[in-house]
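The shown structure was predicted, so the numbers you read here are calculated from the model rather than taken from an experiment. Atoms within each ligand, like the ligands themselves, are counted from 1 in listed order.
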Amino acid sequence: MSLEIPFIKMHGLGNNYIYIDLFRYTLEEKLLSEVAMKVSDPNIGIGSDGMILIHPTNKADVGMRIFNKDGSEGKNCGNGLRCTAKYAYESGIVQKTHFLIETKSRIVEAEVLVNDGKVDEVTIDMGKPTLRRSLIPMLGLDSEQVVQEPFPIENNMLYVTGVSMGNPHAVFFVEDITQAPLYELGEKIEKDPRFPERVNVEFIEIMNEKEINFRVWERGSGVTQACGTGACAAVVAATLSKYIPKNQQITIHLQGGDLFIKWDENGHVWMTGEAKTIATGSFYYHN
Ligand SMILES: N[C@H](CCC[C@H](N)C(=O)O)C(=O)O
């Protein structure tokens with residue numbers, strides 16, 4: 001079977017995905033995982049951190065599904081949400097600047113900043129973090145929160161803070177971000193049995209009460225330039241650890257650039273950042 005699949009490649013701070021507009025194209029469910037792996041491949045595909053589907057839904061103005069480079073389906077994607085919002089507005093799927101996006105794990109509110117009909121910046125109300133151990137999910141005696149819990153791994157003693165933004169994150173504090181064991185321990189932590197659904201792994205360095213340095217090893221995609229849900233999880237973890245105050249805008253310095261995050265007094269996490277279009281075209285799928 002051969003398919004010519006129209007795509008849009010977009011990124012948020014270098015976290016790039018191949019987007020397929022299912023308002024205008026239909027792709028069979030059984031092909032999704034394989035197509036995600038194929039489009040993500042830099043040698044025989046287009047090259048990306050994964051694939052994102054922008055789809056009709058009766059639960060919100062637009063729906064978003066994310067697939068990682070390894071074909072696994074994630075349940076939320078902060079950079080993907082900003083790019084989905086940009087595309088939905090610019091393509092006319094929505095005719096308003098404030099609208100709802102459905103993800104696998106929650107419905108979020110998006111606000112696009114428009115200049116000359118183009119969206120360069122998006123703010124998303126990412127909703128409330130989930131902190132209960134069993135809902136992150138993380139194995140062990142259930143508890144309301146997992147904050148800097150000893151996490152022995154490969155002869156290292158790390159201290160893990162667990163946060164779900166609809167997808168699971170394990171946050172570790174380091175003294176110097178340039179020494180973060182991203183490649184040495186990223187995949188080992190991602191696939192550690194203490195995380196039954198695997199986990200996204202963030203190493204963060206607290207610079208001051210308003211700035212955090214950040215690196216990420218993503219579940220199913222490895223090291224990426226940025227992770228929006230991870231940046232939200234970082235602010236929640238730093239607040240729970242009492243390194244930063246609540247209800248203050250924090251600048252997260254990711255490899256690909258800065259995100260602006262605030263965990264407000266109502267418990268909602270807000271994320272503001274760029275969304276960029278790289279290319280459009282056709283992907284030729286064969287099986
Ligand atoms: N890059 C995404 C996160 C992808 C999460 C995915 N790796 C998962 O399996 O949860 C972001 O900007 O939030």
Side-chain angles (χ1 to χ4, degrees), residues 9-19 32-33 36-37 39-40 47-54 64-87 101 103-106 108 110 121-127 129-130 135-138 162-171 182 186-187 189-192 195-204 212 214-237 252-261 269-276 278:
K9 184 170 183 180
M10 295 189 274
H11 78 90
L13 304 178
N15 185 208
N16 60 95
Y17 291 90
I18 304 304
Y19 292 73
L32 296 180
S33 178
M37 287 187 280
V39 297
S40 303
S48 68
D49 294 326
M51 175 178 79
I52 287 184
L53 306 179
I54 298 172
M64 180 197 78
R65 290 175 68 182
I66 171 193
F67 291 80
N68 294 308
K69 199 181 282 188
D70 68 356
S72 63
E73 184 169 8
K75 292 185 179 161
N76 200 358
C77 179
N79 291 312
L81 281 165
R82 296 198 316 277
C83 290
T84 296
K86 170 187 177 68
Y87 178 81
I101 307 176
T103 74
K104 272 278 191 185
S105 55
R106 54 182 63 187
V108 299
E121 185 179 271
V122 182
T123 293
I124 307 272
D125 174 356
M126 297 290 281
T130 298
L135 300 179
I136 291 171
M138 190 174 169
V163 179
S164 170
M165 291 305 299
N167 59 350
H169 295 270
V171 182
L182 205 52
E187 185 167 12
I189 297 168
E190 172 202 353
K191 296 171 179 172
D192 189 283
F195 298 106
E197 293 178 9
R198 298 190 290 163
V199 74
N200 295 288
V201 184
E202 285 86 19
F203 293 98
I204 67 175
I212 295 177
F214 173 101
R215 293 292 180 272
V216 61
W217 174 283
E218 282 199 27
R219 173 176 65 172
S221 292
V223 172
T224 61
Q225 291 287 299
C227 181
T229 51
C232 296
V235 168
V236 172
I252 308 287
H253 300 301
L254 304 99
Q255 186 81 34
D258 292 348
L259 274 178
F260 306 96
I261 309 286
V269 184
W270 296 78
M271 169 190 63
T272 297
E274 69 168 20
K276 301 284 185 195
I278 299 170

Just the distances, no angles: every ligand 1 N or O to protein N or O pair closer than 3.5 Å, one line each.
residue, atom, partner, partner atom, Å
ligand 1, 1 (N), N15, OD1, 2.7
ligand 1, 1 (N), Y17, OH, 2.9
ligand 1, 1 (N), E218, OE1, 3.2
ligand 1, 1 (N), E218, OE2, 2.7
ligand 1, 7 (N), N68, OD1, 2.9
ligand 1, 7 (N), N200, OD1, 3.0
ligand 1, 7 (N), E218, OE1, 3.0
ligand 1, 7 (N), R219, O, 2.9
ligand 1, 9 (O), N68, ND2, 2.9
ligand 1, 9 (O), R219, NE, 2.7
ligand 1, 9 (O), R219, NH2, 3.2
ligand 1, 10 (O), N167, ND2, 3.2
ligand 1, 10 (O), N200, ND2, 2.9
ligand 1, 10 (O), R219, NH2, 3.1
ligand 1, 12 (O), N15, OD1, 3.3
ligand 1, 12 (O), G78, N, 3.3
ligand 1, 12 (O), N79, N, 3.0
ligand 1, 12 (O), N79, ND2, 3.1
ligand 1, 12 (O), G228, N, 2.7
ligand 1, 13 (O), G78, N, 2.8
ligand 1, 13 (O), G228, N, 3.3
ligand 1, 13 (O), T229, N, 2.8
ligand 1, 13 (O), T229, OG1, 2.6

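- Side chains of S164 and H169: no donor on one and acceptor on the other come within 3.5 Å.
- Side-chain N/O atoms of N15 and D49 include a donor and acceptor closer than 3.5 Å.
- A side-chain donor-acceptor contact under 3.5 Å links S33 to the backbone of G71.
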**Prompt:** When you look at F203 and L182, which way does the side chain to side chain contact (heavy atoms under 4.5 Å, CB included) test go after all the steps?
**Reply:** CA-CA 8 Å; F203 293 98; L182 205 52; 3.7 Å; yes
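- We find that R198 and E190 are joined by a salt bridge, their nearest charged nitrogen and carboxylate oxygen being less than 4.0 Å apart.
- Of the possible donor and acceptor atoms, none in the side chain of K276 sits under 3.5 Å from a partner among the backbone N and O of L13.
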